[in-house]
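Scroll down for the structure; my scribbles are underneath it.
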There are 2 protein chains.
Amino acid sequence: MPYTYEKDGAAIYRQSFATIRAEAELARFDADEEPIAVRMIHAAGMVGLERHVRFSPGFGAVARAALEGGAPILCDARMVSEGVTRPRLPADNAVICTLQDPRVPEMAREMGNTRSAAALELWRPDLEGALVAIGNAPTALFHLLNMLEDPACPRPAAIIGCPVGFVGAAESKEALWADQPVPCCIVEGRLGGSAITVAAINAIASRAE
Amino acid sequence: MPYTYEKDGAAIYRQSFATIRAEAELARFDADEEPIAVRMIHAAGMVGLERHVRFSPGFGAVARAALEGGAPILCDARMVSEGVTRPRLPADNAVICTLQDPRVPEMAREMGNTRSAAALELWRPDLEGALVAIGNAPTALFHLLNMLEDPACPRPAAIIGCPVGFVGAAESKEALWADQPVPCCIVEGRLGGSAITVAAINAIASRAE
């Protein structure tokens, strides 16, 4: 007997988001933040994630305005850039990941840092006004914060800081939250990752659910 | 003051895996399963994930032998296929995701199913002996199980079944676990996703940590 299951993508989204809104504690999020938090929970399959999500004031509006104005999205990993749903983007925005650039391995050796961190040096021409999305490497987020200590470094519009893991992830997100060089969103602690980061981008890109 | 942080990728991995092995409950996994579970926890940033991880007997050995024998890896989403670390693959294995094939939208309409499910119809020429990795769509896993009800359908070597979310994810993984058409690995319940799935593939591909 073949399995029967919900096969309508739109119905699956509707039921998923209804379940999340019934179960998660979303009251502290404003109207710009709530749909972002809902999608992040959806991507993680985890009610309770919302307790670790933090938005700095204005993040949602600033990030959305940046995308509507045509800002590029700068991603630290291909799993992030590949996950962005292109038809949701309001201005056919460029989605850029420089990690596979052939210059990166040598740059990483010279810098004494990871390839993920070195790849950010190639963001500089696109960084001004961009939406930055770091969903994998704590070293990338730390390096971005160090880049932004230089007042001459171009400023992104907003930063999604969601690296994941056991070494540096919690610390790099704490540092972003303490610095707040621009409006930002984080998932505190070890949790994070490409799927959650992509979900935030896709929610910012369009209010459609 | 610039932030100081661990910049050596190998040291980051070592510390991460040591933390996981100190904190997670891994005793019930055998020598083939343990490194897979550790990488899945690593990708999720979540000690405790191991309580939801299930391996059917022989899964690790069968999946590894398939890759060593040159089997392709069939992925339901680009976030999965893009995450596979190519240098870890033992036989320069093909990594295939058919979701963006231009035939898929029309196939989905004809089938009355999602694009994720329809895309699996294009796996048939590569399915025999493959390592299947479903890290996103419950509909893809359900459709695979229905395809495999036909004895004429080619058999994969092993299935990583880790779709994520609130509608069909838990149910499709329960169905895979009940059927076990071939050796399989699941994350029970809502948790799962592309990062965890990629971690399992990368662990199977190489014992290097």
Side-chain angles (χ1 to χ4, degrees), chain A residues 1-9 11-13 15-20 23 41-47 77-83 108 111-117 136-139 142-143 145-146 149 163-169 171-172 175 187 189-196 198, chain B residues 1-9 11-20 23 41-47 77-83 108 111-117 136 138-139 142-143 145-146 149 163-169 171-172 175 187 189-196 198:
Chain A
M1 276 283 291
Y3 289 101
T4 58
Y5 53 95
E6 181 58 74
K7 296 175 181 173
D8 174 13
I12 293 169
Y13 270 102
Q15 291 177 39
S16 298
F17 291 172
T19 299
I20 292 165
E23 295 185 14
I41 294 166
H42 179 246
M46 192 194 311
V47 168
R78 292 273 297 172
M79 286 185 69
V80 177
S81 58
E82 283 298 313
M111 290 166 61
N113 208 325
T114 65
R115 290 186 299 117
S116 293
N136 185 44
T139 54
F142 270 129
H143 188 63
L145 293 175
N146 284 348
E149 289 210 342
V164 61
F166 295 85
V167 174
E171 297 83 350
S172 64
V187 174
R190 292 170 170 178
L191 295 173
S194 50
I196 292 172
V198 164
Chain B
M1 275 286 288
Y3 289 101
T4 56
Y5 53 97
E6 181 57 74
K7 296 175 181 174
D8 173 12
I12 292 169
Y13 270 101
R14 269 198 311 275
Q15 290 177 39
S16 297
F17 291 171
T19 299
I20 293 165
E23 295 186 14
I41 294 166
H42 179 247
M46 191 193 312
V47 168
R78 292 274 296 172
M79 285 183 70
V80 177
S81 58
E82 283 299 312
M111 291 166 60
N113 208 326
T114 64
R115 290 185 298 116
S116 293
N136 183 44
T139 54
F142 270 129
H143 188 62
L145 293 175
N146 284 347
E149 291 211 342
V164 60
F166 296 86
V167 175
E171 297 85 348
S172 64
V187 175
R190 293 170 170 178
L191 295 172
S194 49
I196 292 171
V198 164

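Here is how names work: the chains are called A, B, and so on, in the same order as the sequence lines, proteins then strands, and each is numbered from 1. Fair warning: this is a prediction, and the values are worked out from it, not measured in the lab.
Chosen from I20(A), L145(A), V198(A), N136(A), the residue pairing most often with chain B at heavy-atom distances under 4.5 Å is I20(A). The residue among G189(A), G45(A), G193(A) with the most heavy atom pairs within less than 4.5 Å of chain B is G45(A).
Residue A44(A) touches chain B through its backbone alone, counting heavy-atom pairs closer than 4.5 Å. For chain B, the nearby parts of V47(A) are the backbone and the side chain; heavy atoms of each come within less than 4.5 Å. Neither the backbone nor the side chain of E171(A) has a heavy atom closer than 4.5 Å to any heavy atom of chain B. Residue T19(A) touches chain B through its side chain alone, counting heavy-atom pairs closer than 4.5 Å. Residue A77(A): no heavy atom, backbone or side chain, is found under 4.5 Å from chain B. Residue contact with chain B, scored on non-hydrogen atoms closer than 4.5 Å, involves the backbone and the side chain of Q15(A) alike. With a 4.5 Å cut-off on non-hydrogen atoms, I41(A) touches chain B through its backbone and its side chain both.
Here the shortest heavy-atom pairing between M79(A) and E82(B) reads CG-C, 4.4 Å. Across all their heavy atoms, E6(A) and T139(B) have their closest contact at O-CG2, 3.4 Å. Closest of all the heavy-atom pairs between T114(B) and I12(A) is CG2-CD1, 4.3 Å.
Of the inter-residue distances, the one linking M111(B) atom CE with K7(A) atom NZ reads 7.5 Å to the nearest 0.5 angstrom.
Counting only heavy atoms from C-beta outward, the side chains of N146(B) and Y5(A) approach each other to under 4.5 Å.
Using bins of under 30°, 30° to 60° and over 60° for the plane-to-plane angle, the ring pair Y3(A)/F142(B) lands in the tilted bin.
Counting heavy atoms of neighbouring residues, nucleotides and ligands inside a 6.0 Å radius, atom OH of Y13(A) does not exceed 12 of them.
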